[in-house]
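Beneath this line is the structure, given in structure tokens, with notes to follow.
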Amino acid sequence: MKAMVIDRFGGSDEFRLANLPVPRPGPGQVLIRVAYASVNPADWKGRAGMLPHLGHYPFPITIGMDCAGVVTAVGRGVTGFRPDDRVISLSGMGLGLQGTYAEYVVVPEPRVAPLPAHLDFAAGATIPIASASAASSIIDVAKAKVGDAVFVNGGAGSVGTFAIQFLKHLGAHVVATCSTRNVHHVRGLGADLVIDYLREDIAAGLAQWAPDGLDAVIDAVGQHSLPRDMPRLIRPGGTLVCIQNLITGVEDFDLDLAAARNVRVVDNVADAMTEDPTWFQVHAFRQLLDAIVQRRVSVPPYEIVPLEQAGAAHDRVQQGHVGGKILLKIADL
Ligand SMILES: NC(=O)c1ccc[n+]([C@@H]2O[C@H](COP(=O)([O-])OP(=O)(O)OC[C@H]3O[C@@H](n4cnc5c(N)ncnc54)[C@H](OP(=O)(O)O)[C@@H]3O)[C@@H](O)[C@H]2O)c1
């Protein structure tokens with residue numbers, strides 16, 4: 001099978017189109033023929049050597065965190081899927097398995113889900129990692145509930161797009177940031193207030209919108225995009241969720257101030273990690289997927305490029321302003 005692999009960590013020019021044997025599913029695993037793999041920020045970070053759990057992978061490594069495609073075989077003990085099922089999937093990267101930039105990928109069964117019937121493979125491929133991260137941050141970490149006032153930093157991104165819509169589906173009030181060109185789009189996702197971070201003062205806008213303090217913040221940008229004294233804008237008992245970006249983290253914020261105000265500032269991965277990492281974010285992912293099936297949540301806009309253009313796609317995603325998903329087309333299914 002063809003796969004885009006790297007032989008060492010480094011820049012986007014490290015990709016090489018390789019011919020690899022088709023993997024075989026072990027017990028509890030599913031073999032998927034991949035139609036599309038999405039390009040996530042974690043992919044360029046993994047390629048660059050920033051994902052600690054890839055440190056002990058042997059080279060060549062196939063990158064890729066999620067995909068949409070068709071089941072072609074299942075391992076012993078798999079009960080939920082069979083050949084020809086149309087599916088979307090989180091990959092097993094970090095669990096010792098290879099990524100999705102390939103014609104076939106093996107993944108643990110819990111990380112696979114049916115492709116929603118109203119979506120094609122391309123739309124489905126936009127869903128897994130971004131929605132799992134959004135849903136887990138909202139349900140597992142922030143524990144958001146009806147009536148909460150929640151701020152999504154990075155409303156135009158893939159995680160932000162799912163987070164805003166899912167929060168509205170859960171009955172929360174939502175304020176989100178984005179750049180000027182995305183204000184209309186983010187408002188269309190259902191945000192009650194959109195703050196244009198290029199033109200407006202974020203702290204002043206939030207203080208006016210939630211004078212008693214925010215219940216939760218989902219920070220899907222990091223990198224010093226929010227004021228250090230952000231905990232001041234969160235009510236006692238509230239949570240600031242830093243979506244792990246591997247560049248900056250909870251230390252972006254004044255943790256003494258947070259402690260004094262009884263505000264939790266947490267990394268979404270550390271806070272929600274499960275004893276068996278196969279199940280990490282899976283339950284939340286399924287809840288958001290239900291909302292997609294009910295057509296309460298729609299997928300981000302996307303564009304499609306050939307698998308061979310993975311390097312160029314990584315460079316664009318690394319810039320941080322793609323405004324939707326880039327999908328790698330691998331097969332016509
Ligand atoms: N650990 C996990 O569970 C997990 C999973 C998925 C993603 N992540 C991390 O979450 C982050 C977001 O991922 P993603 O997939 O949503 O990325 P993405 O689709 O590439 O979106 C990035 C978005 O950030 C926005 N942005 C950039 N600078 C901003 C700023 N200063 N203020 C507000 N918005 C800003 C951009 O919108 P504008 O063009 O409008 O600025 C862009 O739409 C990444 O760091 C990624 O690594 C973590």
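Whatever order the structure lists them in is the order used to number ligands and atoms, beginning at 1.
For His283, the ring pair (Phe, Tyr, Trp, His ring centres under 6.0 Å) partners at least two apart in sequence or on another chain are Trp279. Shown here are the side-chain hydrogen bond (donor to acceptor under 3.5 Å, both in side chains) partners of Asn262, two or more places apart in sequence or in another chain: there are none. Judged as a ring pair (Phe, Tyr, Trp, His ring centres under 6.0 Å), and not counting sequence neighbours, Trp209 has no contacts.
Between Tyr101 and Phe15, the ring planes are tilted. Angles from 30° to 60° get that label.
Taking a heavy-atom cut-off of under 4.0 Å, ligand 1 is surrounded by Pro41, Lys45, Ile129, Ser133, Asn153, Gly154, Ala156, Gly157, Ser158, Val159, Thr177, Cys178, Ser179, Arg181, Asn182, Tyr197, Ala220, Val221, Ser225, Ile243, Gln244, Asn245, Asn268, Val269, Gln281, Gly320, His321.
Under a hydrophobic clustering in which Ile, Leu, Val, Met, Phe, Trp and Tyr are joined whenever their side-chain heavy atoms come within less than 4.5 Å, directly or via other members, Trp44 and Leu328 fall into the same cluster.
Taking the ring axis of Phe121 as reference, the NZ or CZ atom of Arg86 stays within 45° of it and closer than 6.0 Å to the ring centre.
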